[in-house]
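Okay, structure first, notes after.
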Amino acid sequence: MTDGKSTMSASDAMAGFVAGQWTRVTGVGVDPHEYRRVTDGLASVAEWGPAFLCTGREHLERAEDAGSPLSAGTHLLAAARWFHSATLAPYAEAARAAAAADDALGRALALLEPGARRVSGEGFTGWLRVPPAGPAGRGGGAVGTVIVVPGLDSAKEEFLDLASALLARGLAVFAMDGPGQGVLAASSVLVPEYEEVVGRVVDALGVPRVGLVGLSLGGYFAARAAALEPRVAAAATVSGPFRLDWDELPPPLQDMVVRRTGGVDAAREFARHVDLAGLAPRITAPLLVVDGGQDVIPGVTNGEPLARSAPRGTYLSVPHGDHLLGNARPDWLPRLADHLAHALTGA
């Protein structure tokens, strides 16, 4: 009887986790039918990572057998998405999955976008992608550059649809992993002083100014950098926190911060820094703050105070949107991409 109850509890937890990750993982670009097929056979959250890693490897095999570079690149992008998604549940092999996602994305871009360039430096790595030739891209020359900043457990492989929307508007895109993020999570920890990382990125890209978009905790990083790095000419946040209250955060979220910062004391100190009250009035660049009305996490103050306090802040709340608004992309993604394009080009 005890075993039966334990099994039922694990099964219920798995069902809740699968449902909770649905819009996020399918929003990343994972095929929804494949997601259901893979997750339907899982009995516990512990099986999530191995199953997703296995599915990513299946896409690598398909890439090897593909009949064209386009097909191979498409399978490699799928592999990158599955490998990254493997890291969303506690998993001992998360570092290996993140490295596999990084490798698969690089191989995909080599086939699909030969103009993409790896750029790395102290505390960051990522891919600089340039817009295609055509009217929007003005013959292939970028009209501005946007840095995409991930959050607590996201990575550069997660926001490929955002990158595509920006590229289609003639903007170059640098999707990055910073300290404690993505492929760098195994060798570094999160730091609150993200404006220093962004400054090094801008130096490495060799551009006079940039736009920033930060997602989830990346929204705090992007807002902080917009306040303190003068070369940020436009910014946007999606589901970013205005403030964190450590004592009220749910235990799973606390555990994640502990893992990404290196210990309980470091996590508490990091959370203490996540407070934009003093920085928001210093953000002089045009700022769009996007929140989902269904994104309610104890201990997290959402972005409305940020938009209200920033001199050029605009607030967009999507009532039915969840965290990262994977269930509401048409309601915010085109507007966010247009916001950055207009702010950087003056159009």
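For clarity, every value in this text was computed on a predicted model and none was experimentally measured.
- Contact annotation: the side chain of Leu325 never approaches that of Asp331 to less than 4.5 Å [non-hydrogen atoms, C-beta and beyond].
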Start with the C-alpha distance between Leu215 and Leu162, add both sets of side-chain angles, then the distance that settles side-chain contact (heavy atoms from CB on, under 4.5 Å), and finish with yes or no.
CA-CA 11 Å; Leu215 300 107; Leu162 170 59; 3.9 Å; yes

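- A salt bridge links Asp102 with Lys156: the closest approach of a Lys/Arg side-chain nitrogen to an acidic carboxylate oxygen falls below 4.0 angstrom.
- A distance of 8.5 Å separates CZ of Arg36 from OG1 of Thr39, quoted to the nearest 0.5 Å.
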Go through the steps to decide whether Asp153 and Arg24 satisfy the test salt bridge (Lys or Arg N to Asp or Glu O under 4.0 Å), and finish with yes or no.
CA-CA 12 Å; Asp153 63 345; Arg24 180 174 180 180; 2.9 Å; yes

Check step by step if side-chain contact (heavy atoms from CB on, under 4.5 Å) holds for Leu276 and Arg282.
CA-CA 10 Å; Leu276 292 169; Arg282 299 176 61 179; over 6 Å; no

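- A 4.5 Å side-chain heavy-atom check between Pro150 and Glu158 finds every atom pair outside the cut-off.
- In this structure the side chain of Leu105 never reaches within 4.5 angstrom of the side chain of Phe83, judged on heavy atoms.
- Side chain of Gln181 to main chain of Gly178: a donor-acceptor pair is present (N/O by atom type, distance under 3.5 Å, no hydrogens or angles).
- The distance from the CZ atom of Arg37 to the CG atom of Asp31 is 9.0 Å, given to the nearest 0.5 Å.
- The backbone N or O of Val130 sits nowhere less than 3.5 Å from a side-chain atom of Glu113 that would complete a donor-acceptor pair.
- When every heavy atom of His273 is checked against every heavy atom of Pro192, the shortest pair comes out as CB-CB, 3.7 Å.
- At a threshold of 4.5 Å between non-hydrogen side-chain atoms, the residues Val149 and Val197 do not count as touching.
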Steps toward side-chain hydrogen bond (donor to acceptor under 3.5 Å, both in side chains) verdict (Glu64, His59)
CA-CA 9 Å; Glu64 292 296 327; His59 279 284; over 6 Å; no

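- Here the shortest heavy-atom pairing between Trp127 and Gly106 reads CZ2-CA, 3.3 Å.
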Output, in order, the C-alpha distance, side-chain angles, deciding distance and verdict of side-chain contact (heavy atoms from CB on, under 4.5 Å) for Thr74 and Leu70.
CA-CA 6 Å; Thr74 300; Leu70 176 59; 4.2 Å; yes

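- Side chains of Ser68 and Ser71: a donor-acceptor N/O pair is present below 3.5 angstrom, by distance only.
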May I have the step-by-step check of side-chain hydrogen bond (donor to acceptor under 3.5 Å, both in side chains) for Asp322 and Thr23, ending in yes or no?
CA-CA 8 Å; Asp322 55 14; Thr23 61; 2.5 Å; yes

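- Side chain of Ser154 to main chain of Gly151: a donor-acceptor pair is present (N/O by atom type, distance under 3.5 Å, no hydrogens or angles).
- Grouping the Ile, Leu, Val, Met, Phe, Trp and Tyr side chains by contacts below 4.5 angstrom, directly or via other members, places Leu333 with Leu166.
- Side-chain contact check for Val202 versus Ile147: some heavy-atom pair is nearer than 4.5 Å.
- Note on Leu212 and Leu152: same hydrophobic cluster, where clusters join Ile, Leu, Val, Met, Phe, Trp and Tyr whose side-chain heavy atoms are under 4.5 Å apart, directly or indirectly.
- For the atom pair Ser120 OG and Met176 CE, the distance stands at 10.0 Å (nearest 0.5 Å).
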What do the steps show when you test Arg118 against Thr125 for side-chain hydrogen bond (donor to acceptor under 3.5 Å, both in side chains), and what is the final call?
CA-CA 7 Å; Arg118 185 84 181 219; Thr125 190; 3.0 Å; yes

Kindly indicate, with the supporting measurements, whether the criterion salt bridge (Lys or Arg N to Asp or Glu O under 4.0 Å) is fulfilled by Asp247 and Arg268.
CA-CA 9 Å; Asp247 292 330; Arg268 287 180 173 274; 3.3 Å; yes

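- Looking at every heavy atom in both residues, Pro50 comes nearest to Tyr91 through CD-CE1, 3.5 Å.
- Rounding to the nearest 0.5 Å places CG of Asn302 at 9.5 Å from OG1 of Thr237.
- Following chains of ILVMFWY side-chain contacts shorter than 4.5 Å, one cannot reach Leu288 starting from Leu279, and the two form parts of different hydrophobic clusters.
- With respect to the salt-bridge test (charged N to carboxylate O, under 4.0 angstrom), the residues Arg62 and Glu34 qualify.
- Residue pairs meeting the ring pair (Phe, Tyr, Trp, His ring centres under 6.0 Å) criterion with at least one partner in residues 219-265, sequence neighbours excluded, are Tyr194-Phe221.
- Residue pairs meeting the side-chain hydrogen bond (donor to acceptor under 3.5 Å, both in side chains) criterion with at least one member in residues 253-265: none, sequence neighbours excluded.
- In this structure, CG on Leu167 lies 10.0 Å from CG on Leu160, to the nearest 0.5 angstrom.
- Under a hydrophobic clustering in which Ile, Leu, Val, Met, Phe, Trp and Tyr are joined whenever their side-chain heavy atoms come within less than 4.5 Å, directly or via other members, Val148 and Val289 fall into different clusters.
- Remark: the backbone N or O of Arg335 is not paired with any side-chain donor or acceptor of His339 at under 3.5 angstrom.
- The distance from atom CH2 of Trp82 to atom CD of Glu58, rounded to the nearest 0.5 Å, is 9.0 Å.
- Looking at Arg231 and Asp203, a side-chain N of the basic residue comes within less than 4.0 Å of a carboxylate O on the acidic one, giving a salt bridge.
- Contact check for Leu324 versus Ser216: side-chain heavy atoms found under the 4.5 Å cut-off.
- Nearest approach of Phe17 to Ala89, heavy atoms of both residues: CZ-CB, 3.7 Å.
- Considering all non-hydrogen atoms of both residues, Ser85 and Val30 come closest at OG-CG2, 4.2 Å.
- Residues Tyr315 and Asp291 meet the side-chain proximity criterion, which asks for heavy atoms closer than 4.5 Å.
- Classification of Arg308 and Glu304 as a salt-bridged pair holds, one side-chain N sitting under 4.0 Å from a carboxylate O.
- Side-chain contact between Val146 and Leu344 is present, with at least one heavy-atom pair separated by less than 4.5 Å.
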With side-chain contact (heavy atoms from CB on, under 4.5 Å) as the criterion, how do Leu217 and Met256 come out once you've worked through the C-alpha distance, each side chain's angles and the decisive distance to 0.1 Å?
CA-CA 12 Å; Leu217 183 62; Met256 195 180 304; over 6 Å; no

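- Of the possible donor and acceptor atoms, none in the side chain of Asp245 sits under 3.5 Å from a partner among the backbone N and O of Val300.
- Residues Leu253 and Trp48 do not share a hydrophobic cluster, clusters being chains of Ile/Leu/Val/Met/Phe/Trp/Tyr side chains in contact below 4.5 Å.
- Nearest heavy-atom pair, Glu229 versus Gly199, reported as atom, atom and distance to 0.1 Å: OE1-CA, 3.5 Å.
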